[in-house]
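These numbers come from the heavy atoms of this one structure, side chains and all, not from hydrogens, waters or symmetry mates.
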Amino acid sequence: MKLFTEEEIQTWRVGFIPGLVVIGVVILFRLTGVLQSLEWIALDSFLRWRPEESIDKRILIVGINEQDIQRISTYPIPDRDLASLLRKLATYKPRAIGIDIVRDLPVEPGYTDLVAAFQAIKTVIGIEKALPDQDGNTINPPPTLPPKQVGFADAIPDADGHIRRSLLGTSNLEGEYKFSLAILLAKAYLSKEGISLTNGTDDPIAMQFGTTELTRFRPNSGGYVRADAGGNQILINFRSARKPFRIVSLNDIQTGNIDPSWIRDRIVLIGMTSHSVKDFVNVSAIPSSTPGLVFGVEVHAHTVSQIISAVLDGRPLLRVWSDSWEYIWIMVWGFLGISLAKLTKTPVQNLLSVSVAGISLVGLSYLLLIWGWWIPVVPACLVLTVNGFSINAFYLYHQTLKSRINERQYMIDYTFDIIHNGPLQTLARILSCTQDQDLSDEQLRSQLEQLNQELRAVYESVRRETLTEDSSIHIGIDLDLDLQQPTHEILYEVYSNTLALNFPCFQTIQVKIITFDPIDSPPLSIEQKRGLCRFMEEALCNVGKYAKGVTRLKVTCTQTEGMNIIRIQDNGLGISSSSQPNKYKRSGGRGTKQALALARQLGGSFKRSVLSPKGRVCELTWSVKKGRFWFLN
């Protein structure tokens with residue numbers, strides 16, 4: 001059994017093509033990078049909305065703030081003060097000390113003190129700028145630090161100026177492979193745990209600590225399109241907290257106003273946290289006191305924390321699907337939008353269903369990001385909403401247009417039915433009787449008067465049908481029916497009023513056997529009830545006009561053995577085949593065509609047959625089980 005009619009399938013096709021176009025355009029926009037900035041914003045928002053995490057106590061930031069600068073009365077901070085800070089920190093035995101302050105040149109006074117501190121403290125890691133800037137400039141490391149104690153501090157901002165990824169390793173202009181400050185600090189910390197840095201297992205170019213492979217950034221990772229993926233980069237899964245790390249000042253360390261356990265066996269990062277120095281980077285993924293701006297030393301701390309937490313705590317790294325799975329994901333939501341557009345019948349239903357689907361999409365994407373998966377939410381939302389709303393509007397327009405066409409066709413059919421069941425039947429009877437010379441002049445006059453009345457009644461009947469609501473119908477000449485009533489009650493009214501008509505064959509009926517039982521299972525639509533009324537009227541009119549010599553009429557309206565049955569049976573002679581035109585012999589008259597169309601609509605069958613030795617039966621049957629047409633009405 002088919003689930004959809006050919007008309008339904010055609011409607012699906014008409015809506016499906018624009019939906020595919022929308023999906024194709026959105027995918028094209030994504031491939032060309034048009035949606036890249038929106039996907040970055042979505043990523044930043046999701047990261048910012050995550051539940052707050054606890055402070056990472058394995059990292060301490062020593063921030064040289066505005067009060068420290070005012071107290072020292074000079075900037076940059078002299079080498080003497082930096083050396084004093086390093087020696088003080090070393091007494092607490094941290095695992096590593098990272099200096100996010102450039103020291104390629106001496107800053108007197110105290111340069112010799114700083115050189116001595118570098119030589120004495122083997123856990124210090126300084127910085128350099130390994131990659132040239134727009135002017136081709138680089139920054140050398142502190143000259144007295146050995147290369148293994150130098151990491152680069154280069155940042156890779158996206159096109160909007162925001163930091164979302166970290167460069168862990170790269171080759172400089174001389175072809176030497178360098179490690180970042182963050183990776184060296186993580187390496188120093190994890191080595192104490194017996195975990196070493198190796199090449200990746202699944203991706204040999206990636207870096208790996210123990211069994212944790214740091215997912216390498218690719219040119220088209222997540223929402224990126226043809227990004228610069230040079231070197232070894234990872235997406236930064238920023239720690240979600242307003243205070244993700246402990247931050248103390250230079251003065252706190254110098255005066256001993258600090259808990260030694262905050263430093264012992266920890267990572268210490270030294271950097272500038274003074275707003276006047278403006279050592280800021282743009283980061284929208286974490287909340288800060290200066291919205292969208294975060295101190296550079298904090299970004300290094302986030303990267304180090306991400307690596308250590310992934311290795312030791314199983315905290316998720318940011319990962320992405322392959323390109324093929326991302327585009328399958330987008331198409332699935334596009335097809336869902338098409339489906340919702342087709343299945344919702346009103347704008348309110350459409351708005352609610354598409355909104356629920358959109359909220360579900362955003363919620364699912366958010367949960368996946370918490371678990372470490374960055375999936376394309378923006379293009380998926382676009383294809384869902386555009387297809388869901390625009391194609392629904394198209395479907396509603398198409399249905400409205402189809403409804404208007406159906407209404408016009410219905411009025412044409414209704415008008416013809418009125419003429420067919422009244423004046424044309426009377427005219428056919430007159431012609432038949434005239435041919436057989438069975439009519440006297442008086443009878444012919446009476447029949448013509450009846451024909452005149454029926455023709456004049458056509459206008460009134462059509463006018464009533466046009467002005468009344470869908471829940472009523474005008475049958476015959478004098479009967480208005482409320483189609484909201486049970487079907488068997490309506491059909492009984494049609495039966496009673498039709499037999500009251502002045503048809504000659506009705507006068508000879510001696511026995512009437514009637515059965516009118518409920519047949520509203522499955523529920524019938526108004527249009528189906530309308531069709532059953534016309535079927536009953538047309539069948540009874542044929543008996544009254546053509547069943548010569550009829551003495552017995554049996555009308556059955558019942559439900560039995562899983563079938564609904566309407567049967568009109570008589571024992572008259574009926575209309576002679578010789579009086580029928582050839583075209584009616586081949587295909588049946590208007591009434592037969594109406595009955596066949598009604599049977600198709602109900603998913604049932606119709607038959608009109610001649611009984612032996614005389615009589616005819618007109619029968620319409622359909623299944624009680626809910627077929628394919630019931631849920632389409």
At what distance, to the nearest 0.5 angstrom, does [atom1] of [X] lie from [atom2] of [Y]?
{"X": "Thr215", "Y": "Gln233", "atom1": "OG1", "atom2": "CD", "answer": "13.5 Å"}
{"X": "Asn282", "Y": "Leu293", "atom1": "CG", "atom2": "CG", "answer": "5.5 Å"}
{"X": "Phe238", "Y": "Ser166", "atom1": "CZ", "atom2": "OG", "answer": "8.5 Å"}
{"X": "Thr138", "Y": "Leu131", "atom1": "OG1", "atom2": "CG", "answer": "9.0 Å"}
{"X": "Asn387", "Y": "Ile23", "atom1": "CG", "atom2": "CD1", "answer": "5.5 Å"}
{"X": "Glu128", "Y": "Leu145", "atom1": "CD", "atom2": "CG", "answer": "10.5 Å"}

Does the side chain of [Y] come within less than 4.5 Å of [X]'s, by heavy atoms?
{"X": "Leu35", "Y": "Val26", "value": "yes"}
{"X": "Lys129", "Y": "Asp154", "value": "yes"}
{"X": "Pro142", "Y": "Gln149", "value": "no"}
{"X": "Val268", "Y": "Ile61", "value": "no"}
{"X": "Asp228", "Y": "Pro219", "value": "no"}
{"X": "Val377", "Y": "Leu369", "value": "no"}
{"X": "Ile270", "Y": "Asp100", "value": "no"}
{"X": "Ile205", "Y": "Asn199", "value": "no"}

Any idea which heavy atoms bring [X] and [Y] closest together, and the distance?
{"X": "Leu38", "Y": "Val378", "value": "O-CG2, 3.6 Å"}
{"X": "Ile163", "Y": "Ala155", "value": "CD1-CB, 3.9 Å"}
{"X": "Tyr111", "Y": "Pro106", "value": "CD1-CB, 3.4 Å"}
{"X": "Leu197", "Y": "Met207", "value": "CD1-CB, 3.8 Å"}
{"X": "Ile127", "Y": "Leu181", "value": "CG2-CD2, 3.7 Å"}
{"X": "Gln36", "Y": "Gly223", "value": "CG-O, 3.4 Å"}

Query - Verdict with reasoning, Trp325 to Trp329, per ring pair (Phe, Tyr, Trp, His ring centres under 6.0 Å) - result: CA-CA 6 Å; Trp325 279 109; Trp329 169 263; over 10 Å; no

Between the side chain of [X] and the main-chain N/O of [Y], is any donor-acceptor distance below 3.5 Å?
{"X": "Asp158", "Y": "Asp160", "value": "no"}
{"X": "Thr303", "Y": "Val299", "value": "yes"}
{"X": "Asn232", "Y": "Leu168", "value": "no"}
{"X": "Lys122", "Y": "Gln119", "value": "yes"}
{"X": "Arg50", "Y": "Leu47", "value": "yes"}
{"X": "Gln306", "Y": "Leu235", "value": "yes"}
{"X": "Arg315", "Y": "Asn237", "value": "yes"}
{"X": "Ser221", "Y": "Phe217", "value": "no"}
{"X": "Arg246", "Y": "Asp56", "value": "no"}
{"X": "Asn172", "Y": "Gly175", "value": "yes"}

Query raised in the report: Looking at Tyr189, does the NZ or CZ of Arg266 lie under 6.0 angstrom from its six-membered ring centre and within 45 degrees of the ring axis?
Result: no

**Report entry** Arg264 NZ/CZ over Tyr92 ring centroid, <6.0 Å and within 45° of normal
**Finding:** no

Query raised in the report: What about the rings of Phe295 and Phe280, do their centers lie closer together than 6.0 Å?
Result: yes

SB check [X] [Y] (cutoff 4.0 Å):
{"X": "Asp202", "Y": "Arg216", "value": "no"}
{"X": "Arg103", "Y": "Asp79", "value": "yes"}
{"X": "Glu108", "Y": "Arg80", "value": "no"}
{"X": "Asp44", "Y": "Arg164", "value": "yes"}
{"X": "Lys243", "Y": "Glu53", "value": "no"}

Query - Glu66-Ser276 side chain donor-acceptor pair, cut-off 3.5 Å - result: yes

Query raised in the report: Is there a donor in the side chain of Ser249 and an acceptor in the side chain of Asn251, or the other way round, less than 3.5 Å apart?
Result: no

Query raised in the report: Where do Ser261 and Lys57 land on the side chain to side chain contact (heavy atoms under 4.5 Å, CB included) test, with the steps shown first?
Result: CA-CA 10 Å; Ser261 65; Lys57 298 178 181 179; over 6 Å; no

Query raised in the report: Can you say whether the rings of Trp40 and Tyr224 are parallel (under 30°), tilted (30 to 60°) or perpendicular (over 60°)?
Result: tilted

Query - From CA spacing to verdict: side chain to side chain contact (heavy atoms under 4.5 Å, CB included), Ile286, His302 - result: CA-CA 10 Å; Ile286 53 177; His302 277 281; 3.4 Å; yes

Report task. Any chance you could lay out the side chain to side chain contact (heavy atoms under 4.5 Å, CB included) test for Ile72 and Ile77, step after step, and finish with the verdict? Result -> CA-CA 8 Å; Ile72 296 172; Ile77 299 299; 3.6 Å; yes

Report task. Could you give me the CA-CA distance, side-chain angles and deciding distance for Asp81 and Arg71, then say whether salt bridge (charged side-chain N to carboxylate O under 4.0 Å, His left out) is met? Result -> CA-CA 11 Å; Asp81 295 273; Arg71 183 174 50 82; 5.7 Å; no

Requested in this report: Please assess Arg58 against Asp313 for the test salt bridge (charged side-chain N to carboxylate O under 4.0 Å, His left out), listing each intermediate value before the final yes or no.
Outcome: CA-CA 12 Å; Arg58 291 171 293 216; Asp313 306 331; 2.7 Å; yes

Query - Criterion side chain to side chain contact (heavy atoms under 4.5 Å, CB included) on Leu167 and Ser180, from CA distance to verdict - result: CA-CA 7 Å; Leu167 181 64; Ser180 70; 5.9 Å; no

Query raised in the report: Can Gln349 and Thr344 be said to form a side chain to side chain donor-acceptor pair (under 3.5 Å), step by step?
Result: CA-CA 6 Å; Gln349 289 179 353; Thr344 50; 5.6 Å; no

